[in-house]
Amino acid sequence: MNTTVEPTQRKTVVVVGHGMVGHRFVEALRSRDEAGRWQIVVLSEESQAAYDRVGLSSYVGAWEKSALALPGNEYAGDALVDLRLGVRADEIDRAARKVTTSSGDVIGYDALVLATGSYAFVPPVPGHDRPECFVYRTLEDLDGIRAAAQNAGPGAVGVVVGGGLLGLEAANALRLMGMTPHVVEFAPRLMPVQVDEGGGAILEKLVTDLGLHVHTGVGTSAIEPAEDGAGLRVSLSDDSVIDASLVVFSAGVRPRDQIARDAGLEIGPRGGALTDLGMLTSDPNIYAVGEVAAVEGTCYGLVAPGYTTAEIVADRLLGGAGEFPGADLSTKLKLLGVDVASFGDAHATTEGALSVVLHDAAKGTYAKLVISDDAKTLLGGILVGDASQYAALRPLVGSELPAEPAALISPAGAELGADALPDEAQICSCNNVSKGAIVGAIHEGACDIAGVKSCTSAGTSCGGCVPMIKKLLEQSGVEMSKALCEHFTQSRSELFQIVQVTGIRTFSELIAKHGTGIGCDICKPTVASILASTSSDHILDGEQSALQDTNDHFLANLQKNGTYSVVPRMPGGEVTPEQLIEIGQIAKDFGLYVKVTGGQRIDLFGARVEQLPQIWQRLVDKGMESGHAYGKSLRTVKSCVGSTWCRYGQQDSVGMAVLLEKRYRGLRSPHKLKLAVSGCARECAEARGKDVGVIATENGWNLYVGGNGGLTPKHAVLLAGDLDDETLIRYIDRYLMFYIRTADRLQRTAPWQESLEGGIEHVKQVVCEDSLGIAAELEESMARHVAGYKDEWAAVLEDPAKLSRFVTFVNAPEEADPTIAFDESGERKTPVLLGLPDVPGGGSLRNHGGHRAGRDGHGMPELPAMPAATATPGK
């Protein structure tokens, strides 16, 4: 950042609390404060830097705190942010403008921002303070619940007091921990704030079918130890009793405003530090944001208005005049796989409001629209079981209805287009982005979803608005072309289906029947990959050889000086002493540079093209095979030593890594694939940075998908937890084949998942629940690959025709490449780039192989297209 203010002239702002809103404030201030006018001190009572508390339930099963960490939450390298974890603000001296911390430090401030959030309310039920009682608020809370659940054993009963949003999430968490959850809600229905009686009835039926026991219209009277001393007796107000092992209170939250009260700040009527629309408290130097702020007397418990308050204070500190615009309290969520959405005046409190309801008990769906008394204006609505219309309906609140109300929620009714929304309609409620702002960004050049996200921040939080962004792109005239290239109007996934259904096995037949022209360096390698993914034919058989990239053409990685690198496969990182000795001897005999890769293998650099078969022969003789470091295919399955050696290991990670690598070796895909297996949650194999990551648990394996390194690294997300070996492999089979079938060319798994309608939830439904009915077909495709796998190096060594390709000059096969040279004067052997002289005999034809080298982080940048049959003059 451009820092121009002298350190002595900087002001200090102290932020009390480092939750999601506190972090958002720091981000907002630092991104706008280009002159460096403010030094920021952040006090965090929790030892964990800001994490996604909205996604707290995703911690269950994975049990990895780092997975919930918000991006940039530690402000690494930013000298203007001082983050103090595990430090509580104990006292505010308003007169001296100083904060005393739990560590004894006294910090002066020019401005103070209270971001202390809220705490879980525990009703004063007798026995609420027993050690078997918990709240559902922090990572530490979930750790305590997990320990108690494990101690209780599988099938034990857990009672959740509170049937609201967090209560149902807590009940699902208990279910995932192997418990039998009971939900006790004092109101006559579940989620009383979000849904009405009809929606609550459908919701109760759906969650009951999923294994929850629901008790509505009753309160909790007492919590007592069981008569035998094991467990609890939870007494309800209807005189019924639940025998349970633990109780989780999720009966709402209260503003965490004690420090504001102690400092003498004015408090709102229902708690919270009272603020004006500029988020200023009764002290002109103290602001409040998020759940602790009572904005003109009202506290807001959602993250979207919390983010808005953070942005306002950042604006105010830099001289702006931002004001709180009000809050959209709409919510859309998926509880236990059940869609629930509520927006606007969902309960028809507006005078004269009318309701239009579609209740389909057979399908388990409920939809209600609340409209004005003249039936022209949408006021709000509720959707349960199917919330697919939420993205289109919510922005219409307050606007004239574009069609008959019943038609908007009927499966056979009108589909809302983006043109029905006014420019001021809020498309992204998380980041307060309007339709007009998105359309403006599109007109200024944001021609895809990634561009819109970058320009407006819309779609970067929960992602619920992405379908509407797509509609706005289409409405603005952005043609979402699916064409692979100028020669094929079909997308890669469509060409995959054509090849699979028709049985076409050559590029020439495919382009003749379904394309135009002769092809290019985009479609040829793509089709080559599809052909390889749908059969076990060798990639150098027949005309396929002319389609390959340079790396694939020579089954090795082309380096910057025209030499190649050789990477033998070492499943799970295992290698025998004899193989290791042979690798060293090969490197010595051929003068190769040796490097251990990041994927637990050994890379041999500097081999000339005619030396490749000689090197392969020696490796094959020692039982080694191609590591496919050159292909868009499986690279490695990295592993730690696991339970075999490590005292922390919970499962045999090496054995699983070897099994997976041998199963998926040679699997051609739209982009390279990397897997990893960690033997425990300490994650030494860095599995969550891989396309498929497997992490051992006490009960089996957690499966993560969609992790990528590179320019835009992504953490893999949990697909399923505590899987046995058989289920784990079955899910990976399905996931990989689903990706191979549907991804675009050169699209890695992370952007592929993001591009899918429904994202990771859709992937879960397809892979784990077989929502498309293709699971058996995906498994059969993988089984064919496994059965048909053959080592590509060995196949070349057995075929004289293929071996004849491995020469530098096609008309002087005995000649070595005179341009290859190395600098060996230092400790490390490095290539030297020389010009290309004439070869004796004149005009020799240099063999460059395929179209281009793979741009995949291993090898050289892309080269100009050059088919294998093309002759290039020697100079």
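All residue numbers in this chain count up from 1 along the given sequence.
- Proximity of a side-chain donor or acceptor of D33 to a complementary backbone N or O of W38 within less than 3.5 Å is detected.
- Atom-to-atom distance recorded for S342:OG and Q194:CD is 6.0 Å, nearest 0.5 angstrom.
- Counted by atom type alone, D283 and T281 present zero donor-acceptor pairs between their side chains at under 3.5 Å.
- Checked by atom type, the side-chain pair D143/Y59 shows a donor-acceptor distance below 3.5 Å.
- With 3.5 Å as the limit, one finds no donor-acceptor pair spanning the side chains of R84 and S103.
- Here the CD1 atom belonging to I259 is positioned 9.5 Å from the CG atom belonging to L265, to the nearest 0.5 angstrom.
- E266 and S282 are not linked by any side-chain donor-acceptor pair at a separation below 3.5 angstrom, with hydrogens and angles left out of the test.
- A cation-pi arrangement is present between R254 and F121, with the terminal nitrogen or guanidinium carbon under 6.0 Å from the aromatic centre and inside a 45° cone about the axis.
- A distance of 10.5 Å separates CG in L246 from CD1 in I223, rounded to the nearest 0.5 Å.
- Here I286 contributes atom CD1 and M279 contributes atom CE; the two are 13.5 Å apart, rounded to the nearest 0.5 Å.
- No close placement of the Y51 and H18 rings is indicated, their centers lying 6.0 Å or farther apart.
- In this structure, a donor-acceptor pair under 3.5 Å is absent between the side chains of D82 and Y75.
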Open item on the list: side chain to side chain donor-acceptor pair (under 3.5 Å), that's the test. Do Y136 and S57 meet it? Break it down for me.
Closed with: CA-CA 9 Å; Y136 193 84; S57 295; 2.6 Å; yes
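- Across F134 and P131, no two heavy atoms sit closer than the pair CZ-O, 3.7 Å.
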TODO: Let me see the working for D339 and Y390 under side chain to side chain donor-acceptor pair (under 3.5 Å), right down to the final yes or no.
DONE: CA-CA 10 Å; D339 279 340; Y390 172 80; over 6 Å; no
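- The structure places CD1 of I371 at 12.0 Å from CD of E400, a figure rounded to the nearest 0.5 Å.
- Under the 3.5 Å distance criterion, with hydrogens and angles disregarded, no donor-acceptor pair is assigned to the side chains of T100 and D90.
- Relative to the six-membered ring of F343, R394 misses at least one condition, a distance below 6.0 Å or an angle of at most 45° to the axis.
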